[in-house]
Amino acid sequence: MTQPDDRLVLVDGSSYLYRAFHALPALTNANGEPTGALYGVVNMLHKLLAEEPEARFAVVFDAPGKTFRDELFEQYKAHRPPMPDELRAQREPLKAIIAALGVPVLEVPGVEADDVIGTLAARASGPVLISTTDKDMAQLVDEQVTLLNTMSGTRLDPEGVREKFGVPPELIRDYLALVGDTSDNIPGVPKVGPKTAAKWLNAYGSLDALREQADEIRGKVGESLRAHLDELPLSVDLVTIRCDLALEVAPEDLVRQSPDRETLGGLYQRYGMRRFLAELQAGDAAAAADGTGASLPPNAPEVAYEVVLDDHGLAAWMERLRNADAFSIDLETNSLNYMDAEIVGVSLAVEPGQAAYLPVAHCGPGAPDQLDRDRVLDALRPLLEAEQPEKMGQNLKYDMSVLARYGIELRGVAYDSMLESYVLDSTATRHDMDSLASKYLGVEVTSYEQLCGKGVRQVPFAEIDVERAGHYAAEDADIALRLHQLLYPRLQAESGLLRVFSQLEMPLLPVLSRMERHGVRVDCDLLERQSEELAGRMAEVEQRAHEEAGEAFNLGSPKQIQEIFFERMGLPVIQRTPKGQPSTAESVLEELSARGHELPRLILEHRGLSKLKSTYTDKLPQLIHRDTGRVHTSYHQAVAATGRLSSSDPNLQNIPVRTPEGRRIRKAFVASPGHRLITADYSQVELRIMAHLSGDEGLRRAFEQGEDIHRATAAEVFAADEVNDEQRRAAKAINFGLIYGMSAWGLGRQLGIPRDEAQTYIDRYFERYPGVRAFMDRAREQAREQGYVETVFGRRLHVPEIHSRNRQRREYAERTAINAPMQGTAADVIKRAMIDVDALLNERFPESRLVMQVHDELVLEVPEAQATAVGDEVRRLMEGSDRGMVSVPLEVELGVGDDWEQAH
DNA sequence: TAAGGAACGTAC
DNA sequence: GACGTACGTTCCTTAA
């Protein structure tokens, strides 16, 4: 495929789906899902795509929900029957197929597809073809805009409109207002049909002129016109297609991409579209046979990668960068750790296939003279530190952190292909560039391992031959750019996803970079003392255990424990692991210990101590950075499917807190001298979100009145005025269980009560909070219908297994569908809060810093004198970070201290 | 020797 | 089987 020409094809997806649904037989696929309309529209699209292979393209859908026309006129479309389920069920699959075909899909809330099409048509610079079955669109026709009904094959240019309606395009609005539309419930003038309307408009020239001369019209029609004169402006307003929307997408963005053959094949398969599947596979085979490669997309560019070694080349690339709206950047370094990495080279790309590599520190045998690192960085600095041009890349947090250590603050970080992929499908297991290149571009890039080797044979990047390294590095920048060009339009097609990407994930990226780089102070001596103490206690326990067992064994080996317990000592098997082995998990050991066995108790104690020592008190000191004396974690922004962050090296999100033993580790997380740590925790945030999502009045009231939620739940479930501690504990377990989609069995086990008793608690809970059950049913239903669930902010989580025939997998998907909107919305809320807090600190408290995030908690390090002021502001921002989208108040608890334990 | 799975345990 | 999301450690088997 060549570059798109300036033709633009806009398809009115909703109108076709509707027409196809009524025109075609009600087919279903093997699963009984309706497919008739789907087939019709896909067939139509195939034809259209074949007819217009070079044009820019978009398929536009009505967004569900009210539009401004409903505001204008409450009767608008009031008589229209609700969309049949069989039709609604075909919408999302259709959108998925179109997206997989590489065609942009647009859906803008609050307006109709017509308005989006009108606006895009008005902004187009070249010829526009609007494919629709809706006659109202005739008002958009002019010398540049043509209408096409692909189903009937009719094309309408201005002359065609005149022939068909008897009036020119510019009078179509007046015409429609006079005639009215029963299906949209637009009144019009009774007794006036197409012929009369056309006759009048031709005689008087316009509706306004006609209204002024209304007295002249004789007969019953004249009376009818005079009786409805006042309603006509409203009718005109209703039928007028808006051509001036503020859209986030422009005609030139609507570039067709190469199809995602894998996804497309899967969809064709699933919906029984054997003909399209066969065509797709035939296309693959043909491409493979003629040597162009099945996976090579038709728009794969010619690549021209350049290694820049001199001032002349640098100047030329600087010029290209300055003239670009956006460019792609990637650093090559000698370490994966952002705190240690030294820059070895810089790659840049401006257009697909055209990239440069600027080596600055290659030192292997035969390495050529290179530009000096500081000179290159100084030359790039003004561009890197400016908002414009925009920057794109893959995992830019890393590049941003490394550049910051060279004194360059990367600004204008607008697109990260890793995050684009994550927002599009957070359930994909990998978002690394090699996987994305293969999945979306059909390109197998050189891997780092292929270039540098691995294990003992690994060669530092700086010692790789500059030409080979240059191709690898330039390719990285190029691929990131091409991924962006492919993925970003897919985000633009879904306003919720675009919002999550551009208002949450991208702005969060620099915040995380700053947090990681600043790090958190850890008291190494304290941890070492704790390690010694733990070692001593472990040795004691170990010795007693060996005596008890009558032989020496490894207390850390579940296999050896299993042998001693269940084979030699004949203890009862309480539970089995998923692999069928007798389990030695904590709950089992507790049960055996409660039955009076000493050895299980000793093993439990040993496990607890060993966990603390190896994971925390031994490990954390090793991770203290030699230069900063602090620990610098990595937050991963594209890992957790629900939208949460994760943390590693070290994982700061699982530092113990529940037991006094474990909590001592938090004492080692300290503030710098003259500073304090502030903790700010969202209180019961997921339950509050559940109250919002379910709209359950009882639950909402409890939060609005600031009640102790577990106590309130206990009062309802146990019908008690006075709640005792045991009841509150049970209610707490119920509340947490609900968030995870728990079963009676699970609750029973948690509380140590029989299954049926747990079931009565759950039944009573749902009786008292009926909205919660309805919410859960809705979540499952939504997952089944659309294949995904959403957070309040519009983040999506796909749950394809909701249709699995395997009950276990299906039920797992159902629990995910229930949990993800709550966990994900909480993640959205705190991400927004982090962005707000970071902005506040940069602006007003530059000496205060965010240092940690633990899902519902932020930790800050603040100069002593500012602690109160910063704490108050942080609370205010956090409590407002839902932007009013959560209809239950959010509450934040603050703590201040010299260490993390004290601050709680 | 390295890689990877299983089992376990920490957090929210 | 049975309660969602992560990461890290240890043990231990398998592959090179």
Side-chain angles (χ1 to χ4, degrees), chain A residues 426-427 454-457 553-562 575-589 603-604 606-616 618-620 623 633-636 639-659 661-663 665-666 681-687 690 733-750 755 758-759 762 779 789 797 799 806-824 826-827 830 852-857:
Chain A
S426 65
T427 60
K454 58 172 176 169
V456 286
R457 271 194 283 275
F553 69 102
N554 183 345
L555 274 74
S557 165
K559 207 182 147 205
Q560 292 181 28
I561 295 172
Q562 186 207 112
Q575 195 183 308
R576 288 189 179 271
T577 67
K579 278 274 172 185
Q581 297 297 308
S583 168
T584 63
E586 182 180 49
S587 59
V588 173
L589 299 185
I603 291 170
L604 269 177
H606 185 269
R607 269 201 195 153
L609 299 171
S610 144
K611 176 79 178 176
L612 290 177
K613 182 166 183 291
S614 62
T615 311
Y616 303 109
D618 285 352
K619 198 61 194 289
L620 283 169
L623 290 164
T633 187
S634 288
Y635 288 106
H636 307 289
V639 171
T642 52
R644 274 190 180 179
L645 297 176
S646 75
S647 152
S648 70
D649 307 299
N651 181 354
L652 293 182
Q653 295 179 319
N654 69 347
I655 304 298
V657 70
R658 288 171 195 183
T659 63
E661 294 259 84
R663 243 187 333 264
I665 292 168
R666 295 195 167 209
D681 282 64
Y682 280 111
S683 159
Q684 307 297 352
V685 65
E686 290 185 8
L687 280 176
M690 183 169 86
I734 295 173
N735 278 332
F736 279 106
L738 284 163
I739 294 174
Y740 305 142
M742 157 197 76
S743 66
W745 185 89
L747 180 64
R749 197 184 54 165
Q750 176 84 23
R755 204 202 76 98
Q759 187 61 53
I762 294 174
V789 288
L797 187 134
V799 273
N806 176 327
R807 190 170 102 187
Q808 201 176 329
R809 297 165 84 113
R810 188 175 62 243
E811 288 180 343
Y812 178 73
E814 288 177 355
R815 289 193 294 274
T816 306
I818 290 168
N819 171 262
M822 295 186 269
Q823 190 177 123
I830 197 163
M852 290 190 274
Q853 190 255 40
V854 192
H855 307 309
D856 63 357
E857 169 185 6

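The structure displayed is predicted, hence computed values, not measured ones.
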Undergrad: Can R809(A) and E811(A) be said to form a side chain to side chain contact (heavy atoms under 4.5 Å, CB included), step by step?
TA: CA-CA 6 Å; R809(A) 297 165 84 113; E811(A) 288 180 343; over 6 Å; no

Undergrad: What's the closest nucleotide to the side chain of T816(A) if the choices are dG4(C), dT9(C), dA6(C)?
TA: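 Of the candidates, dG4(C) comes closest.
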
Undergrad: Test your reading of the model: is there a side-chain donor-acceptor pair from S647(A) to the backbone of L652(A), 3.5 Å cut-off?
TA: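 Side chain of S647(A) to backbone of L652(A): a pair is present.
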
Undergrad: Can you tell me how far C1' of dG1(C) sits from CD of E811(A), to the nearest Å?
TA: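 Those two atoms, CD and C1', are 9 Å apart.
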
Undergrad: Using a 3.5 Å distance criterion without hydrogens, assess whether the side chain of D681(A) forms a donor-acceptor pair with backbone atoms of S683(A).
TA: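 Judged by distance alone, no pair lies under 3.5 Å.
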
Undergrad: Let me spell it out: for each of N819(A) and R807(A), pick the nucleotide of DNA chain C with the closest heavy atom. Which residue's pick is nearer the 5' end?
TA: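 Result of the comparison: R807(A).
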
Undergrad: Give the C-alpha distance, both sets of side-chain angles, the deciding distance and a yes or no for side chain to side chain contact (heavy atoms under 4.5 Å, CB included) between Q653(A) and L645(A).
TA: CA-CA 9 Å; Q653(A) 295 179 319; L645(A) 297 176; 4.3 Å; yes

Undergrad: Please report the distance, rounded to the nearest Å, between CD1 in I739(A) and C1' in dT5(C).
TA: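 Between C1' of dT5(C) and CD1 of I739(A): 12 Å.
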
Undergrad: Is the backbone of K613(A) close enough, under 3.5 Å, to the side chain of S610(A) for a donor and an acceptor to pair up by distance?
TA: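 Looks like no, no N/O pair under 3.5 Å.
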
Undergrad: Would a distance-only check, ignoring hydrogens and angles, find a side-chain to backbone donor-acceptor pair under 3.5 Å from R815(A) to M742(A)?
TA: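 Pair absent, no side-chain N/O of R815(A) close to backbone of M742(A).
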
Undergrad: Looking for any heavy atom pair under 4.0 Å, which part of the strands does A641(A) touch: base, sugar-phosphate only, or nothing?
TA: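 Sugar-phosphate contact only - A641(A) comes under 4.0 Å of backbone atoms but never of a base.
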
Undergrad: Where the side chain of Q808(A) is concerned, which of dT5(C), dA2(C), dA6(C) is the nearest nucleotide?
TA: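 Closest nucleotide to the Q808(A) side chain: dA2(C).
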
Undergrad: For Q853(A), is there any backbone N or O sitting under 3.5 Å from a side-chain donor or acceptor partner on Y635(A)?
TA: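 Indeed, once roles are kept as given, a pair shorter than 3.5 Å links the two residues.
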
Undergrad: Give the intermediate values and the outcome of side chain to side chain contact (heavy atoms under 4.5 Å, CB included) for residues I665(A) and L620(A).
TA: CA-CA 10 Å; I665(A) 292 168; L620(A) 283 169; 4.3 Å; yes

Undergrad: May I have the distance from L555(A) (atom CG) to dT9(C) (atom C1'), rounded to whole angstrom?
TA: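 That distance rounds to 16 Å.
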
Undergrad: Quick one: L747(A) CG to dG1(C) C1', roughly how many Å, whole number?
TA: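 Result: 17 Å.
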
Undergrad: In chain order, what residues pass the side chain to side chain contact (heavy atoms under 4.5 Å, CB included) check against L604(A), with sequence neighbours excluded?
TA: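 With neighbours one apart ignored, the set is E586(A), L589(A), E590(A).
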
Undergrad: Distance check needed: dG4(C) P versus R809(A) CZ, whole Å only.
TA: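 So the CZ-P distance, R809(A) to dG4(C), works out to 14 Å.
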
Undergrad: Sequence neighbours left out, what passes side chain to side chain contact (heavy atoms under 4.5 Å, CB included) with H636(A)? Give chain and number order.
TA: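 For H636(A), the residues satisfying side chain to side chain contact (heavy atoms under 4.5 Å, CB included) (neighbours in sequence not counted) are S634(A), V639(A), S646(A), S648(A).
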
Undergrad: L738(A) CG to dG4(C) P: how many Å, rounded?
TA: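 My rounded result for the distance is 14 Å.
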
Undergrad: Output a table of nitrogen or oxygen pairs between the protein and nucleotides 13-15 of chain C separated by less than 3.5 Å.
TA:
unit_1, atom_1, unit_2, atom_2, d
dT13(C), OP1, K559(A), NZ, 3.0

Undergrad: Does dC11(C) have OP1 or OP2 sitting under 4.0 Å from an N or O in the side chain of S557(A)?
TA: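 No.
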
Undergrad: How close or far is atom C1' of dG8(C) from atom CD1 of I665(A), stated in whole angstroms?
TA: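 Going from I665(A) (CD1) to dG8(C) (C1'), I get 13 Å.
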
Undergrad: Would a distance-only check, ignoring hydrogens and angles, find a side-chain to backbone donor-acceptor pair under 3.5 Å from Q560(A) to L555(A)?
TA: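 Looks like no, no N/O pair under 3.5 Å.
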
Undergrad: Is G737(A) touching bases, backbone alone, or none of the nucleic acid, heavy atoms closer than 4.0 Å?
TA: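 Answer is nothing: G737(A) stays at 4.0 Å or more from every strand.
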
Undergrad: Please state how far atom OH in Y635(A) lies from atom P in dA6(C), giving the value in whole angstrom units.
TA: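 Rounded to whole Å, this separation is 17 Å.
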
Undergrad: Would you list the pairs meeting salt bridge (charged side-chain N to carboxylate O under 4.0 Å, His left out) in which at least one residue belongs to residues 734-749 of chain A, sequence neighbours left out?
TA: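 Qualifying pairs: none.
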
Undergrad: Could you summarise the pairing of DNA chain C as dot-bracket text, marking Watson-Crick and G-U pairs under 3.5 Å with ( ) or [ ] inside the strand and | across strands?
TA: ...||||||||||||.

Undergrad: For every nucleotide of nucleotides 5-12 of chain B, 5' to 3': is a protein heavy atom under 4.0 Å from its base (B), only from its sugar-phosphate (S), or from neither (-)?
TA: -SSSBBSB

Undergrad: If I pick the P atom on dA6(B) and the same atom on dG1(C), what distance separates them, to the nearest angstrom?
TA: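 Each nucleotide's P atom is 14 Å from the other's.
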
